[in-house]
Amino acid sequence: MSEVLRTDRLDHGMNAGKEQKVWDLLRAWRRCAVRVAREQWRLFFETGRFNKNHRNEDEAALAEVVGAVNRLQMVRYQVVGILDSYLSNRQNEFSRIVEGSALSNETKHQLHFINRWRAWFGREPLTMKDGTEISAETRRLARQIMRRVLSKHRKPDFSRIGMVLDQRAAKLREAERSTEFNLWIRLSTLERGRPIEIPLRTHDYFLKRAGTRKKTIQINERDGRLYFGVVTDISAVCEAQKQAYRPRTEEIALDYGLRTLFVTDRGDFLGRGFLQRLRYYDWRISRLAAYRQRHGLKIRSPRYDRYVRQMRGFLETEIHRVLNRLVEVQRPARIVVEKLRFRNPNLSKRMNRLVTNAGRRIVEQKLRDLHERFGIEIEYV
């Protein structure tokens with residue numbers, strides 16, 4: 001049974017002094033992550049793979065950036081995890097390009113073999129299971145295809161990542177005497193031997209989350225504020241839900257709109273009034289942005305960020321509500337959804353950009369959640 005994890009974001013109750021220490025640690029973590037990513041990309045193009053256990057000549061100096069050797073190891077594991085995920089998506093794209101080409105079946109087979117083993121840039125001889133050695137021409141073609149794929153996508157930006165800490169750096173415990181804060185984190189800082197205690201505010205959704213709480217803590221920044229993520233393993237819960245799920249519909253196709261959020265192939269309109277609500281948020285955000293531009297101010301401000309957060313919150317709530325209701329009523333075995341393009345001519349360019357960035361991510365995460373919890377097959381067309 002594969003592990004299924006969920007992260008609940010909790011607000012904190014730190015004073016200004018403690019918060020500054022967390023910010024200092026986060027900035028050091030990001031500086032270290034940028035250097036580790038640079039090291040891993042060099043390793044990838046030299047050997048054809050990333051290596052989370054790699055040690056370089058400046059290991060002590062690199063550890064000094066983040067303040068401890070164990071934190072450097074956490075940074076390296078996090079960076080390699082992100083890069084591996086990025087590369088997996090590029091692998092899928094490589095496979096689609098090869099499959100849709102006019103190359104011979106033999107060449108396609110060899111290219112798929114190279115792609116499977118991520119040997120696009122490796123220089124050592126590569127032999128297939130039947131003993132056939134892949135030619136230099138095919139290896140060169142694989143490198144050309146992969147370079148083309150990589151050029152179409154930006155590499156992950158590690159200058160803005162959050163921290164993923166294990167119990168060596170952050171220990172979570174239940175409150176002993178406090179009534180306002182249910183959870184506390186003991187966090188090591190850049191000052192050796194001087195950890196800080198951080199109170200966390202829980203909420204009903206988190207308290208009702210079934211599963212096993214992991215010993216991993218995430219610290220993220222959003223709109224200039226710090227949030228703490230507590231990770232829960234819900235694998236057993238998802239397995240039980242899969243066993244209990246009984247599909248009533250073989251397949252449902254979803255067409256994305258905006259006037260209504262989705263339309264099914266059966267003629268059902270899901271999320272009526274979606275566009276009308278988005279236009280209200282568009283009016284508020286665009287009016288504030290125009291005002292600040294007229295007065296020579298930066299568009300970003302606490303008020304602007306608050307409006308954007310409210311818009312994203314509406315997107316997340318509505319998308320989750322609609323898809324949960326679809327599964328509850330129709331109980332499909334498979335959902336086919338068009339490739340998401342969250343754009344509408346009735347919204348401003350700014351709003352289209354905000355909705356595209358947030359909406360696609362929320363829908364994809366929710367569909368992945370439905371697959372993990374109920375075993376529903378998801379296909380994008």
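Quick note: residue numbers are just sequence positions, from 1.
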Taking only residues two or more places apart in sequence or in another chain, which ones pass side chain to side chain donor-acceptor pair (under 3.5 Å) with [X]?
{"X": "K366", "result": "N324, D369"}
{"X": "K214", "result": "E3"}
{"X": "Q293", "result": "none"}
{"X": "H112", "result": "E99"}

Counterpart residues, side chain to side chain contact (heavy atoms under 4.5 Å, CB included), relative to [X] (two or more places apart):
{"X": "A175", "answer": "S178, W184"}
{"X": "A33", "answer": "V75, V79, F158, I161"}
{"X": "R303", "answer": "L288, S301, R306, Y307"}

Return yes if some donor-acceptor pair links the side-chain N/O of T107 with the main-chain N/O of T138 below 3.5 Å, else return no.
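Absent.
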Face-on cation placement of R209 at Y205 ring, 6.0 Å and 45° thresholds
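Cation-pi check for R209 and Y205: fails.
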[Y] side chain reached by [X] side chain, heavy atoms, under 4.5 Å:
{"X": "D265", "Y": "V336", "answer": "no"}
{"X": "V327", "Y": "R373", "answer": "no"}
{"X": "L326", "Y": "L254", "answer": "yes"}
{"X": "V308", "Y": "Y304", "answer": "yes"}
{"X": "L187", "Y": "I217", "answer": "no"}
{"X": "R350", "Y": "I299", "answer": "yes"}

Kindly state each residue pair satisfying salt bridge (Lys or Arg N to Asp or Glu O under 4.0 Å) with at least one member in residues 127-149, sequence neighbours excluded.
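Matches after skipping sequence neighbours: none remain.
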CD1-CZ distance between I252 and R331, expressed to the nearest 0.5 angstrom
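Here the rounded value is 11.5 Å.
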How far does CZ of R353 sit from OG1 of T356, to the nearest 0.5 angstrom?
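R353 atom CZ to T356 atom OG1 measures 9.5 Å (nearest 0.5 Å).
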In this structure, are over 12 heavy atoms from other groups packed under 6.0 Å from R154 atom CZ?
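No.
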Test: ring-ring contact (aromatic ring centres under 6.0 Å, His included). Region: residues 277-302. Which pairs qualify, not counting sequence neighbours?
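The answer is Y281-F314, Y291-H295.
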Using the ring pair (Phe, Tyr, Trp, His ring centres under 6.0 Å) criterion, which residues pair with F50? Sequence neighbours excluded.
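So F50 forms a ring pair (Phe, Tyr, Trp, His ring centres under 6.0 Å) with W41, F44.
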Of all residues at least two apart in sequence or in a different chain, which pass the ring pair (Phe, Tyr, Trp, His ring centres under 6.0 Å) check with F181?
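F181: no ring pair (Phe, Tyr, Trp, His ring centres under 6.0 Å) contacts found.
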Looking only at side chains, do S348 and D282 share a donor and an acceptor under 3.5 Å apart?
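The answer is yes; a qualifying pair exists.
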Can a side-chain donor-acceptor contact be found between N89 and E93 if the only test is distance below 3.5 angstrom?
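N89 and E93 do not have a side-chain donor-acceptor pair below 3.5 Å.
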Can you name the salt bridge (charged side-chain N to carboxylate O under 4.0 Å, His left out) partners of R287, sequence neighbours left out?
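For R287, no residue satisfies salt bridge (charged side-chain N to carboxylate O under 4.0 Å, His left out) once neighbours in sequence are set aside.
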